[in-house]
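Counting starts at 1 for both ligands and their atoms, following the listed order. This is a predicted model, so every value here is computed, not measured. Along the sequence shown, residues carry numbers from 1.
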Amino acid sequence: MTDNEKLFNSGILTESRPGAEQPPLSLWEGKRNGLVLIECPQRIPCNPCASSCPTGAILPFEDINDTPRIDYEKCIGCAKCVAICPGLACFVVDLTAGGEGRALMKLPYEMLPRPAKGEEVACLNREGAEVSRGTVRAVTEPLKDRTIVVHVDVPRDLVSVIRAIKVVKK
Ligand code: SF4
Ligand code: SF4
């Protein structure tokens, strides 16, 4: 099955399909607080990511159906787009945090119970399969009454793979 067939048959994006791009490593490596990743490859009438971005890093849409375009130089890693995106398609990845071989991911989370700081959570890939465990470093609300954002310490080599978390039953 091709990447396109997989996306349109299953709704699951693959790393190699346009829409799963990442920031240039030269910029990303030194960017404290992280840079946004947006995986929203289909034209749909939706634009709150762009309208809520305080720095203009998500370029203004010319058409409500546009897919997001990003000026990574302007991103400050605030995660407001993560909190407002109804498709849970925005993430922030900080390669400067977490120590050797680690990174910090800021992921949307809409389930209950909420994870707590210090808790171990399961890290899931785009298909919902567990690929690692991570540690919650913070739980924030960048926008009031919107989706919470969970900051998770994860293996750095999995930042292109991890796209969700799950609270692990004790
Ligand atoms: S993380 Fe903040 S600055 Fe970066 S694109 Fe999202 S809303 Fe804009
Ligand atoms: S808010 Fe989310 S779903 Fe809507 S256009 Fe932006 S990234 Fe796509």
Side-chain angles (χ1 to χ4, degrees), residues 3-4 6-98 102-111 123-128 134 136-154 156 158-165:
D3 289 335
N4 267 338
K6 189 169 183 184
L7 174 64
F8 292 111
N9 289 341
S10 69
I12 299 170
L13 195 64
T14 56
E15 269 178 66
S16 55
R17 189 188 185 281
E21 293 86 358
Q22 299 194 348
L25 201 56
S26 54
L27 183 63
W28 201 7
E29 289 271 14
K31 192 82 169 189
R32 289 187 64 187
N33 217 32
L35 286 176
V36 72
L37 273 68
I38 300 184
E39 298 194 339
C40 180
Q42 287 189 274
R43 288 174 59 78
I44 52 171
C46 181
N47 72 351
C49 55
S51 58
S52 68
C53 177
T55 66
I58 303 174
L59 303 179
F61 286 21
E62 292 170 6
D63 180 310
I64 186 73
N65 295 296
D66 284 350
T67 54
R69 291 175 300 128
I70 303 160
D71 181 347
Y72 292 108
E73 295 276 359
K74 290 184 179 172
C75 180
I76 56 173
C78 67
K80 288 186 176 172
C81 56
V82 180
I84 207 165
C85 171
L88 310 184
C90 300
F91 316 91
V92 169
V93 177
D94 184 353
L95 296 180
T96 73
R102 311 292 298 180
L104 192 77
M105 294 190 72
K106 302 176 191 178
L107 299 144
Y109 191 80
E110 293 188 325
M111 308 292 279
C123 300
L124 313 179
N125 65 13
R126 292 180 182 84
E127 299 187 350
V136 176
R137 296 296 181 213
V139 179
T140 62
E141 288 185 74
L143 293 170
K144 192 167 163 32
D145 297 330
R146 295 286 180 171
T147 302
I148 64 165
V149 176
V150 184
H151 300 215
V152 188
D153 185 317
V154 302
R156 179 186 163 116
L158 291 178
V159 298
S160 304
V161 174
I162 294 168
R163 289 296 174 265
I165 56 161

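Residue Pro86 has at least one heavy-atom neighbour below 4.0 Å for each of these atoms of ligand 2: 1 (S). Close contacts between ligand 2 and Ile38 involve ligand atoms 7 (S) [criterion: under 4.0 Å to a heavy atom]. For ligand 2, the atoms closer than 4.0 angstrom to any heavy atom of Pro48 are 1 (S).
Atom CZ of Arg102 has more than 12 heavy atoms from other residues, nucleotides or ligands within 6.0 Å.
Summary of contacts: the protein heavy atom closest to atom 8 (Fe) of ligand 2 is Cys40 SG, 2.3 Å. The single protein non-hydrogen atom nearest to atom 2 (Fe) of ligand 2 is Cys85 SG, 2.3 Å, given as residue, atom name and distance. Shortest contact from atom 4 (Fe) of ligand 2 to any protein heavy atom: Cys46 SG, 2.2 Å. For atom 6 (Fe) of ligand 2, the nearest protein heavy atom (residue, atom name, distance) is Cys49 SG, 2.3 Å.
Each of Asn33, Asp94, Thr140 was compared with Lys106 under the side chain to side chain donor-acceptor pair (under 3.5 Å) criterion, and only Asn33 meets it.
With hydrogens and angles disregarded, no donor-acceptor distance shorter than 3.5 Å links the side chain of Trp28 to the backbone of Tyr72.
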Item to complete: Decide yes or no on salt bridge (Lys or Arg N to Asp or Glu O under 4.0 Å) for Arg163 and Glu15, but give the supporting numbers first.
Response: CA-CA 11 Å; Arg163 289 296 174 265; Glu15 269 178 66; over 6 Å; no
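Residues Glu141 and Val149 are not in side-chain contact: their nearest non-hydrogen atoms beyond the backbone lie 4.5 Å or more apart. Using a 4.5 Å heavy-atom cutoff, the side chains of Leu95 and Arg156 are in contact. Taking the side chain as every heavy atom from C-beta outward, Cys75 and Thr55 never approach each other to under 4.5 Å.
Every residue two or more places apart in sequence or in another chain was checked for a side chain to side chain donor-acceptor pair (under 3.5 Å) with Arg69, and none qualifies.
For residues 73-83, no residue pair satisfies the salt bridge (Lys or Arg N to Asp or Glu O under 4.0 Å) rule, not counting sequence neighbours.
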Could you give the side-chain donor-acceptor pairs of residues 57-65 under 3.5 Å, partners two or more places apart or in another chain?
| residue | atom | partner | partner atom | Å |
| --- | --- | --- | --- | --- |
| Asp63 | OD1 | Asn65 | N | 2.7 |
| Asp63 | OD1 | Asn65 | ND2 | 3.2 |

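Taking 2.8 Å as the threshold, Cys90 does not count as a candidate ligand of atom 2 (Fe) of ligand 2, since none of its N, O or S atoms lies below it.
Annotation: protein N, O or S atoms under 2.8 Å of atom 2 (Fe) of ligand 1 (waters excluded) comprise Cys78 SG.
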